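The structure under discussion appears below in the form of structure tokens.
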Number of protein chains: 2
Amino acid sequence: MNIEFYQGNSDLSVNQKLVMDLLESQKRPLSAYMILDELRDVGIRAPLQVYRALEKLISMGKVHRVESISAFIACSHMSCEKLGVTAFVICDRCENIEEVSDQSISSFITDLAIKTKMKAAKSNIELHGLCNTCQTS
Amino acid sequence: MNIEFYQGNSDLSVNQKLVMDLLESQKRPLSAYMILDELRDVGIRAPLQVYRALEKLISMGKVHRVESISAFIACSHMSCEKLGVTAFVICDRCENIEEVSDQSISSFITDLAIKTKMKAAKSNIELHGLCNTCQTS
DNA sequence: GTCAGTAATGTTATACTATAACAGATTTGT
DNA sequence: ACAAATCTGTTATAGTATAACATTACTGAC
């Protein structure tokens with residue numbers, strides 16, 4: 001872990017911390033309404049409380065939205081706050097999801113932005129299919 | 001009603017052709033309900049009629065779903081039915097959208113699949129930002 | 001300290017996106 | 001022609017997200 005860049009969860013509001021802790025405790029993506037249901041006991045009552053927390057966490061790079069399944073997952077890399085470019089690899093059978101963040105992905109997006117003359121703000125790369133385990137069973 | 005008249009040379013059903021023609025006439029992505037509203041006059045009445053047509057058109061590679069904006073756009077390349085790998089570059093200001101489909105994109109996805117030991121079924125790559133025009137105005 | 005201004009949070013209501021379940025119509029193989 | 005399978009239409013409902021406003025909490029000047 002890169003201490004210099006890592007931020008703990010102490011600067012988060014109560015709701016943000018509740019959502020963040022839940023997403024970190026699960027390794028899988030959760031929908032906003034799954035989060036809502038899980039957090040009803042601890043004071044979250046309305047969708048907007050969840051969506052506002054998610055919005056902030058996403059802007060901080062701590063949470064990603066997986067667009068193709070409308071779900072949210074804790075960033076598995078401490079460095080995402082800096083890099084901001086990741087890819088998700090999703091098994092459609094076992095629903096396991098892997099977050100990939102390396103140089104080849106960053107430079108692919110950089111190249112695409114240059115090629116299309118874009119000032120890149122946000123990217124998402126999602127690959128669906130069968131994972132290694134599910135291909136052979 | 002004489003169905004054959006509407007089908008012409010195409011292998012599409014009436015509803016599929018209506019949706020396809022609309023998406024081709026617009027160059028921008030449309031939401032399912034925008035499509036529904038546009039096609040009410042010609043007999044489309046329910047969301048499912050639109051969604052079923054879209055599902056088929058997507059499976060044929062003629063239409064893409066742009067995940068991050070929950071919208072649908074006609075494929076701008078005849079080759080997508082074969083390649084199946086494209087990227088969307090979306091300007092968040094003018095909402096112009098460009099579909100990119102070249103060898104570098106295909107091989108990026110291929111490499112990602114190999115690296116993660118996935119049997120790839122579907123991918124989506126979406127880059128948001130400001131287009132060349134909007135950066136300078 | 002207090003009080004106005006600002007920001008954050010809570011709440012209700014509603015808009016937008018998508019599919020389940022069943023009914024009716026059409027096509028197809030025999 | 002007729003049953004089985006498929007396609008299409010319709011109603012109802014599930015799932016995702018935000019607008020609008022009320023309330024509370026924080027901040028800084030005085």
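As a basis for the values below, the full set of heavy atoms in this structure was taken, side chains included, without hydrogen atoms, waters or symmetry mates. Chain naming here is simple, since letters A, B, ... match the order of the sequence lines and numbering starts at 1 in each. Not measured: the values here are computed from a predicted model.
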Between atom OH in B:Tyr51 and atom P in D:dT10, what is the gap in whole Å? 18 Å
With A:Gln135 via side-chain hydrogen bond (donor to acceptor under 3.5 Å, both in side chains) - residues at least two apart: none
Excluding sequence neighbours, so at least two apart, what forms side-chain hydrogen bond (donor to acceptor under 3.5 Å, both in side chains) with A:Ser31? none
D:dG15 OP1/OP2 closer than 4.0 Å to side-chain N/O of A:Ser70: no
Between the protein and nucleotides 5-14 of chain C, list the N/O to N/O atom pairs that are separated by less than 3.5 angstrom.
residue : atom : partner : partner atom : Å
C:dT9   : OP1  : A:Ser13 : OG           : 3.2
C:dG10  : OP2  : A:Asn15 : ND2          : 2.4
C:dG10  : OP2  : A:Gln49 : NE2          : 2.8
C:dG10  : N7   : A:Arg52 : NH2          : 2.3
C:dG10  : O6   : A:Arg52 : NH1          : 3.3
C:dG10  : O6   : A:Arg52 : NH2          : 3.2

Salt bridge (charged side-chain N to carboxylate O under 4.0 Å, His left out) partners for A:Lys122, two or more places apart: A:Glu67
Output the rounded distance in Å from CG (B:Leu54) to P (D:dT8). 14 Å
Without decimals, in angstroms, what is the distance between B:Arg40 CZ and D:dG9 P? 14 Å
Tell me: CD1 of B:Ile35 to P of C:dC16, nearest whole Å? 15 Å
In whole angstrom, what separates B:Met34's CE from C:dA15's P? 17 Å
Starting from C1' on D:dA14, measure out to CG on A:Asp37 and report it in whole angstrom. 13 Å
Keeping B:Glu126 on the side-chain end and A:Asn124 on the backbone end, is there a donor-acceptor pair under 3.5 Å? no
Residue set satisfying side-chain hydrogen bond (donor to acceptor under 3.5 Å, both in side chains) with B:Arg45, at least two apart, ordered chain then number -> none
Under the ring-ring contact (aromatic ring centres under 6.0 Å, His included) definition, can you give me all pairs with a residue in residues 112-137 of chain A, not counting sequence neighbours? none
Over how many whole Å does the gap from A:Ile69 atom CD1 to C:dT19 atom P extend? 14 Å
Find the distance A:Glu67:CD to C:dT17:P and express it as a whole number of Å. 14 Å
